[in-house]
Structures are given as C-alpha cells and as structure tokens.
2 protein chains.
Amino acid sequence: MTGQIIDGKNIAAEVRGEIREQITKIQGENPAFKALLAIIQVSDRKDSLTYVRMKLKAAEEVGIATEYLHFSESTTQEEVLQSIDRLNEDPEVNGIIIQLPLPKGFDEDLFTSRVKPEKDVDGFGNYNIGELNKRNGNPYFLPCTPKGIIELLKRSNVNISGTKSLVIGRSDIVGSPIAALLKAEDSTVTIAHSKTKDIQQCFKDVGIVVVAIGRPEFVKGEWFKDASPDCVVIDVGTNFVDDSTKKVGFRYVGDVEFHESIKHVKLITPVPGGVGPMTVAMLLQNTLLSAQRVEKLNGKLRPFK
Amino acid sequence: MTGQIIDGKNIAAEVRGEIREQITKIQGENPAFKALLAIIQVSDRKDSLTYVRMKLKAAEEVGIATEYLHFSESTTQEEVLQSIDRLNEDPEVNGIIIQLPLPKGFDEDLFTSRVKPEKDVDGFGNYNIGELNKRNGNPYFLPCTPKGIIELLKRSNVNISGTKSLVIGRSDIVGSPIAALLKAEDSTVTIAHSKTKDIQQCFKDVGIVVVAIGRPEFVKGEWFKDASPDCVVIDVGTNFVDDSTKKVGFRYVGDVEFHESIKHVKLITPVPGGVGPMTVAMLLQNTLLSAQRVEKLNGKLRPFK
Ligand SMILES: NC(=O)C1=CN([C@@H]2O[C@H](COP(=O)(O)OP(=O)(O)OC[C@H]3O[C@@H](n4cnc5c(N)ncnc54)[C@H](OP(=O)(O)O)[C@@H]3O)[C@@H](O)[C@H]2O)C=CC1
Ligand SMILES: NC(=O)C1=CN([C@@H]2O[C@H](COP(=O)(O)OP(=O)(O)OC[C@H]3O[C@@H](n4cnc5c(N)ncnc54)[C@H](OP(=O)(O)O)[C@@H]3O)[C@@H](O)[C@H]2O)C=CC1
C-alpha cells in the first residue's frame, strides 16, 4: 500500500481563486469595496523578509490591498506600538499582522495583544485565543495555520468527528490551537511535546497526526505501523537543511520522514507544498472576512463549529 | 492491592487554615487590610442557593468579607450588568463571581466576560481563559476546580510531569482548563468526550485520570486494569441520586464507580469530600490573592508554571 499526497499547493490555489472571485463579485456590486491587510515587520531577518514578500504577493494576486511597515531593529517598542494604534483606528485597514519573531527585547505578547481583536487576522491576540478555547466561543478569526489544516482535511474529505488524533507540539501558533480545533470538531485529541515519554506509543490506532515541532524528519515511518490504516498525516514542520546539490544550498524538510511514512498511511502532506501555502491562503481569507464584516455583517464571526 | 483515598475535605481544610493565617498575619501588619468577595445570584434554584451559602460561610470562616447580591429571576439582564459594573469600579471589592447557571434567556458569556479580569476570581472570563491557554500566559486567576485538582495532586505528592493523563469531559469550567493545566505541567494529555469511541481504550497506561461528565458511576472499575499501576483518579462528578435510606432522600455519587475502581488504582478522590471542597478553597485563595495584589504587588500573577 502507498498513501496519497494532500496537495496543499493546489488546494491553496483553489482557495485563493475563490477569494479572488468573491472580491471581484463584491466589487461588481460595490465598486468602493476594498480589503486591506497591513503587515508590520521589525527586522531584516532573511526568512522573515521571504515570508512577508510571499504574503504581500499573494494578497496582491487575489486583489487584497496591502500596507507594509518595515521598521529597522533599532526602532523603539513605543514607535511600533503607535503604528499599531494608528492602524487599529484606520477604518480602511481590515487586518493587521506582526511578523514574528520580533527583535530581542521586544515583548511579543504586548504587540500581538495590542492589535484590535476585530483586525487580528493572525488570531494570536488574547481575545481570539480566549474565544477559540471556549466551548461555544466566538473568535473573530482563527489562527491561520490551524485553520488551514482543518481546511486541508475537509477538502480532502477526511472525517474528523469520532477520530483519535495526535498533535505533536504545543506552541501557541500551531500545536495548541490545532488541538483546540480538532477537539471542537469532535476528535479525541492527545497533545504530545518534548516531555512526552515513549512518543511512539501515542501512535496506536490514531487516525489523524499533526506534527509541528521543528525537528527534521523526527517522526519515523515505522511509527505509523500501529496507527489506523486510514491515518492522515499533516506535517507542519519547515526545516532548512543544507543541500549542496541545490542551487540555493539548502532544501526544506518536514518533521516527518516523508518517504517511509507514506508507505503506511492513507494521506500525507508534503514539505514544501503542504501546510505552508494554506497558511497564507487563510490569512487572505481572514482579511476578506474582516472586510466583509465591515461592509455587511458588522458583527462577529459565527462560532467556528 | 487497594488504593488510597485523597482526602479532599482534609486538604481543603488545610488550605483554608493557611488562608486564615495569612489574613491574620497581613492584618497584624496592616489592620486596614480586607479581602472582599462579591457573589451575584439570579435565581432561587435550590442547588445554587446551597452552593452560594457554602461559599459565603467558607469565606466568613477564613476572614474574607462578602457581599451577596441575590436577584430574582424576573430581574433584567441590564440591571445585573449594572451591578457588575458597580462592583468592578468599587476598590473595596477584590473578587466577583456570578453563580451559574443564570436563568434562561440570560447570555452567560456576557456576564462572565463583564467582570474585570483582575477581579474574575472564577477565571471564566475571556481574558483569563486566553492567558490560561497561552504557553507563557499570565492569567490573573486560574479557574477554581482545575486549580484545586492540581493542588490536590501536588499535596498528594503526585508527579505530573512526564505522565500520560486522560481528561474525560471538555467543559469550559472543568474539562478544558484542567487539560490545559496538566499540559502546562508537562503531562501528555488526551481529552475525551461524548463523541469519543471506545473510551475504555484511552485508559491504557494512563497515570492520571480526571473525570468531569456528570454521569453517575459512568467509569467502571475494570477500565483501570490496563492503566498504570500508579494511576491517580480525580472524580469531579457530583450527581444526586435518589436514596430512600437517607434522611434527605438522595446521596451524592461521582462519575466513577468508586468501590470497584479503588481496587485497581493508587489514589482516588471520593465523592463527596474530594474535589468539591477544594473548589471552594481555591475561590478563597483567589480572592486573597486579589486583595494582596491590590495591597502590595499591584501587578499580575506570576505565570502559572
Ligand atoms: N507551514 C507553516 O505555515 C508553518 C510552519 N511552522 C513550522 O512548524 C514547526 C513548529 O513551529 P512552532 O509550533 O512555531 O514551534 P515551537 O518551537 O514554538 O514549538 C515546538 C513544539 O514542539 C515540541 N517539541 C520539540 N522537540 C520535540 C520532540 N523531540 N518531541 C516532541 N515534541 C517536541 C516542543 O515541546 P515543548 O513545548 O515541550 O518545548 C514545542 O511544543 C517549525 O518547523 C516551524 O517552522 C510553523 C508555523 C507555520
Ligand atoms: N466538585 C466540583 O467542584 C464541581 C463539580 N462539577 C461536576 O462535574 C460534572 C461535570 O460538570 P461540567 O464540566 O460542568 O459538565 P458539562 O455538562 O458542562 O460537560 C460535560 C462533559 O462531559 C462529556 N460527556 C457527557 N457524557 C459523556 C459520556 N458518556 N462519555 C464521555 N464524555 C461525556 C460532555 O461531552 P460533549 O462535550 O461531547 O457534550 C461534556 O464535555 C458534573 O457532575 C458537575 O456537577 C462541576 C464543577 C465543579
């Protein structure tokens, strides 16, 4: 048996196509309609620059306007906070994200929580985390990577309710919120982390595995031998490993040993081309949602389940 | 082998004794020191009346002042909200709780989230839930029942880090927050609920089991046969079952089949006399903490881990 790939690149393109269509349709009815995403960056980190550039390009392609505030690392916290306040008050701005990590000495929580909940399209602020973790919460936005994972599962016709799932990693941006979403979708979730003993044992009979730890090929193919034969694997890991055969000198590798694992499972996301593109697509979707709310609904997002 | 009982009544009395001592000590240094808990009730439900009376009495015994606002069910939401606002602004008031459930037609979330985070000694508001669910969050208060469970485990010398734990139930007041706390204490947590298939299988090798579902003796003793021999069971369930042999006509029963389970586990909480008294003790502890903050720290609670 060999499993199938979940083509995140393709599915994300589909989602972006839908967003573009929707924007065109709304603008047909109301030419003044505009969705605007503001991105704040406080560093010259190469990876951050790449991620921001990807987001700006993707936004542009679907017809979402952008405002890019690029501060140098010598900027004071106060200056950046003032920009957030200004964007919070600007009725033209629908979404505000702060590219992490921030420079040393910056209190990230201070910044993510400064963004108004109704513009917090990354879903990292206290309000949206609180609502996400309530049984019938009303978050304005779900965080993009976990939201993208649920979307990948649904568009691949994976039935989540009643499954046993395993999430490896408990970060605020991936592990913990995807565990909350899987739970809300009626999966029975186990959350493992670096203090978990005998992690391999957690794979027994499991139907969905999400790995977000940042350790190249940490999860071995043979660990899936005891998993459900219908097991679906979502590999969030994005690790750079040196590779002199590549022009750029490196390649991307996931947290899962892809070639061995695919032999034992039903579906698996590749790295790159799995979760990554969906994260960006969900950011665009959240921004459009925010603009539509201002436009029409003027209310909160319906509960996420 | 027969397991031991975790005597929650005793441990709670110990905690209350510590609170009383602390208050006496602080008042020795500053005679004006006062901790005040406000309780809002909007119903004449018998069980709510009982719970409120217990809380008022316990507060009084440790030297915490109380303000009890008892509204009739015909009160408007607006009236109750105005009282919360008044208590929020009153510098004398250190803790505010709203006895749940509220009457039909009342939006509970509206009320719990109206309480200022720094007076939300039940820990049910959006702010405190958000912080509880962040990796390095800074909640002002942890919700009382989950906090009491961790305290029971620690005072019984149960090592939480590295264990496998199972939480059955995913409510906002017990299941979900105790799962978050066990995770923060480095346990590998599985959260089961009514959509979980083959729940018995989840007991395999498990070291800590918390049951909060409200189904009398739902968890059978034999389910623990595959659990760790050192398994610790926390039974949160508080079910009234008819019992004509009792003067009052009923008795309390937990969610766990106590007499069969104790044969297979190391430690187990009884019902009554397990988690219940700890919940009230933690409410008092949170109120004292709040008063101490106003008095001295004037800051936030240190991170809970
Ligand atoms: N494709 C995308 O869109 C995105 C990809 N990513 C990628 O996902 C990965 C994870 O990111 P992020 O969540 O931010 O990472 P963090 O570093 O914040 O968290 C890593 C988590 O993995 C756990 N962990 C680390 N080592 C082990 C181990 N040996 N066994 C079990 N658990 C372990 C840690 O446990 P503990 O808590 O005990 O320390 C921690 O909870 C990274 O590769 C990142 O690049 C992230 C976001 C988006
Ligand atoms: N001692 C104390 O201080 C306290 C005691 N309690 C007691 O704890 C119990 C639970 O309270 P609470 O959390 O408020 O209850 P809720 O009714 O809010 O939640 C019950 C949870 O149990 C789950 N559940 C119900 N039936 C089953 C089943 N057959 N198998 C597996 N899971 C099931 C539900 O699943 P789903 O989500 O799928 O519906 C739900 O998540 C009650 O008896 C209550 O009286 C509560 C608070 C404090």
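By convention in this document, chain letters (A, B, ...) are assigned in the order of the sequence lines, proteins followed by strands, and residues within each chain are numbered from 1.
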*asked:* Under 4.5 Å from any heavy atom of chain B, what part of A:T163 do you find: side chain, backbone, both or neither?
replied: neither

*Any ion pair linking B:D198 and A:K164 (charged N to carboxylate O, less than 4.0 Å)?*
no

*Side-chain touch A:D109/B:N138, heavy atoms, less than 4.5 angstrom*: no

_Any non-hydrogen side-chain atom of B:K134 less than 4.5 Å from a side-chain atom of A:N133?_
no

*Rounded to the nearest 0.5 Å, how far apart are OG of A:S176 and CZ of B:R135?*
7.5 Å

*Any idea which of B:A192, B:S171, B:S187 has the most non-hydrogen atom pairs under 4.5 angstrom with chain A?*
B:S187

*Spacing of CD1 belonging to B:I191 relative to OG1 belonging to A:T190, to within rounding of 0.5 Å*: 8.5 Å

_Is there a side-chain contact between B:S161 and A:K197 in this structure, where contact means two heavy atoms from C-beta onward sitting under 4.5 Å apart?_
no

*asked:* Please report the interatomic distance CG(A:N136) to CG(B:D172), rounded to the nearest 0.5 Å.
replied: 7.5 Å

*For residues B:K195 and A:T188, is any side-chain donor paired with an opposing acceptor at under 3.5 Å?*
no

*Is it the side chain or the backbone of B:S194 that comes within 4.5 Å of chain A heavy atoms, both, or neither?*
neither

_Most chain A-contacting option - heavy-atom pairs closer than 4.5 Å, from B:I129, B:V189, B:V167_ = B:V189

*Not counting sequence neighbours, which residues clear side chain to side chain contact (heavy atoms under 4.5 Å, CB included) with A:T238? List them please.*
A:Y51, A:Y252

_Given heavy-atom pairs under 4.5 angstrom as the criterion, report whether the side chain, backbone, both or neither of A:D205 touches chain B._
side chain

*Quick one: of A:I199, A:T196, A:L166, who has the most non-hydrogen atom pairs under 4.5 Å with chain B?*
A:T196

